[in-house]
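In what follows, every chain begins at residue 1, and chains take the letters A, B, ... in the order their sequences are listed.
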Protein chains: 2
Amino acid sequence: MKQFLDYLHKITPLSADAQAAIVAKLQKAAYSKGEVLIKELSKCEHLFFIEKGLARAYYFKQGKEITDWFGLENSVIGPVVRHFPTKTGMHSVELLEDTVVISISFYDLQELYDKYHEIERLGRMIAIQTILSMQQKIDSMQFLTAKQRYHDFVKAYPSLLQRVSLGDIASYLGMNQVTMSRIRKI
Amino acid sequence: MKQFLDYLHKITPLSADAQAAIVAKLQKAAYSKGEVLIKELSKCEHLFFIEKGLARAYYFKQGKEITDWFGLENSVIGPVVRHFPTKTGMHSVELLEDTVVISISFYDLQELYDKYHEIERLGRMIAIQTILSMQQKIDSMQFLTAKQRYHDFVKAYPSLLQRVSLGDIASYLGMNQVTMSRIRKI
DNA sequence: ATGATTTTTTAGCAATTGCTAAAAGGAATC
DNA sequence: GATTCCTTTTAGCAATTGCTAAAAAATCAT
């Protein structure tokens with residue numbers, strides 16, 4: 001669980017006591033490529049940390065799959081900041097590679113929030129980090145052309161280009177796959 | 001200060017003790033239409049609550065003013081969730097009407113976070129609410145046409161149509177003012 | 001009111017992006 | 001190696017949106 005604690009520590013320092021309380025509630029599990037980690041995100045009762053592997057969150061919009069998140073190693077996904085029934089239809093998380101996740105139940109997390117002020121702070125910090133990355137996404141969608149968004153993505157996540165299908169990347173970037181193919185050609 | 005405490009209470013209940021600690025740090029001030037409330041948001045040392053009036057946050061993008069937030073009554077703006085140097089150039093907040101704001105310094109707020117677990121929770125909740133509204137913005141920008149975004153805005157904030165210039169609304173909605181005018185014509 | 005300034009609309013054209021359908025390329029299976 | 005399935009690219013056309021410039025309308029100050 002060291003990797004997860006390191007991840008948390010970089011966000012905000014935690015006492016040994018709080019760290020131990022967290023570890024006591026953690027569960028580690030391995031899944032295979034193609035498995036569905038979370039069937040319905042809005043009803044998900046756990047928070048996940050991806051220790052190793054790759055995940056993809058997606059939902060359906062007019063019959064089409066829309067990818068709205070990629071989870072590389074050291075990513076967090078779950079109800080902490082995503083427990084909203086905003087998307088219509090199923091919002092799921094599937095694994096694109098063999099993946100090791102660490103999970104904590106939302107119930108346990110709430111208990112930790114109640115008991116440890118510093119963990120509540122951690123939750124606030126993670127939420128603020130999420131806000132920051134969402135703001136970047138908003139800015140890129142509002143001002144960058146499809147071409148710029150694609151090239152920024154390639155620069156930011158070069159490894160994903162090899163590990164994820166281009167169709168998923170196109171939907172993540174909010175453009176038609178045909179458009180993205182045209183961009184790649186140039 | 002009752003209006004502000006009511007606003008907070010709806011987000012998460014606060015003890016009388018915590019409420020008193022907050023009130024002790026608050027300051028109320030009145031400004032006139034046209035004044036600049038915050039000159040540089042990323043360096044702003046205060047959190048503001050708009051008790052009455054209307055504010056607008058904007059920045060410059062290639063010489064053009066981009067509005068990225070409207071603050072109606074019962075809105076919060078400040079470093080809690082916005083203290084990021086993401087925008088290039090000046091990011092300011094001006095008042096579109098005579099406005100009464102309640103403010104708290106970021107320093108005092110941090111002190112309150114440290115001292116009161118429940119206020120830290122409040123901060124987390126406000127961050128989560130922000131995430132929710134940002135997700136809605138992302139979804140609307142990714143999937144809705146300019147026409148749909150405009151009509152959704154009108155439905156959501158009918159009063160702003162009277163109180164804000166159409167150019168500001170267009171930039172807020174991420175479209176050319178000329179495009180918006182075309183949409184309105186139909 | 002009158003003139004000046006700002007805001008909004010209109011017009012014409014260009015660029016970007018989306019859509020459908022088909023072809024090409026790759027990967028998996030037998 | 002052939003077949004099948006899935007992914008990616010290509011092609012042609014349509015729709016949306018952006019841009020510039022100018023006209024019209026509204027607002028503001030004197």
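- Counting heavy atoms from C-beta on, the side chains of A:Tyr58 and A:Ile66 never come closer than 4.5 Å.
- The distance from the CD atom of B:Glu40 to the OG atom of B:Ser92 is 6.0 Å, given to the nearest 0.5 Å.
- Qualifying ring-ring contact (aromatic ring centres under 6.0 Å, His included) partners for A:Tyr157, counting only residues two or more places apart in sequence or in other chains: A:Phe153.
- Below 30°, between 30° and 60°, or above 60°: for B:Phe49 and B:Phe4 the angle between ring planes is between 30° and 60°, a tilted geometry.
- Inter-axis angle, ends of the helix from C:dA1-D:dT30 to C:dC30-D:dG1, five pairs per end, rounded to 10 degrees: 40°.
- Residue pairs meeting the ring-ring contact (aromatic ring centres under 6.0 Å, His included) criterion with at least one partner in residues 120-139 of chain B, sequence neighbours excluded, are absent.
- Pairs of residues two or more places apart, or lying in two chains, never qualify as ring-ring contact (aromatic ring centres under 6.0 Å, His included) while including a residue from residues 14-34 of chain B.
- Applying the side-chain contact (heavy atoms from CB on, under 4.5 Å) criterion to B:Met180, with sequence neighbours excluded, gives B:Tyr150, B:Leu166, B:Ile169, B:Ala170, B:Leu173, B:Met175, B:Arg184.
- A distance of 11.5 Å separates CG in A:Leu122 from NE2 in A:His9, rounded to the nearest 0.5 Å.
- Ring geometry for A:His46 versus A:Phe48: interplanar angle of 30 to 60°, hence tilted.
- When heavy atoms are screened at a 4.0 angstrom cut-off, B:Arg184 is found touching the sugar-phosphate backbone but no base atom.
- Scanning residues 163-177 of chain B for heavy-atom distances under 4.0 Å to DNA chain C yields B:Ser165, B:Leu166, B:Gly167, B:Gln177.
- A salt bridge (Lys or Arg N to Asp or Glu O under 4.0 Å) check over residues 3-18 of chain B, counting only residues at least two apart or in different chains, returns the pairs B:Lys2-B:Asp6.
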Using a cutoff of under 3.5 Å, can you pull out all pairs of nitrogen or oxygen atoms linking the protein to nucleotides 24-30 of chain C, with atom names and distances?
none

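- By the ring-ring contact (aromatic ring centres under 6.0 Å, His included) test, B:Tyr116 pairs with no residue at all, sequence neighbours left out.
- Within the structure, salt bridge (Lys or Arg N to Asp or Glu O under 4.0 Å) pairs that include any residue of residues 168-178 of chain B comprise B:Arg56-B:Asp168 (at least two apart or interchain).
- Once you apply a 4.0 Å limit to the heavy atoms of chain B, the touched nucleotides of DNA chain D run 5' to 3' over D:dT17 to D:dT20.
- Sorted by first and then second residue, the salt bridge (Lys or Arg N to Asp or Glu O under 4.0 Å) pairs involving residues 95-104 of chain A (not counting sequence neighbours) are A:Glu97-A:Arg163.
- Residue B:Val178 is the one, among A:Thr145 and B:Val178, whose nearest nucleotide of DNA chain C lies closer to the 5' end (criterion: closest heavy atom).
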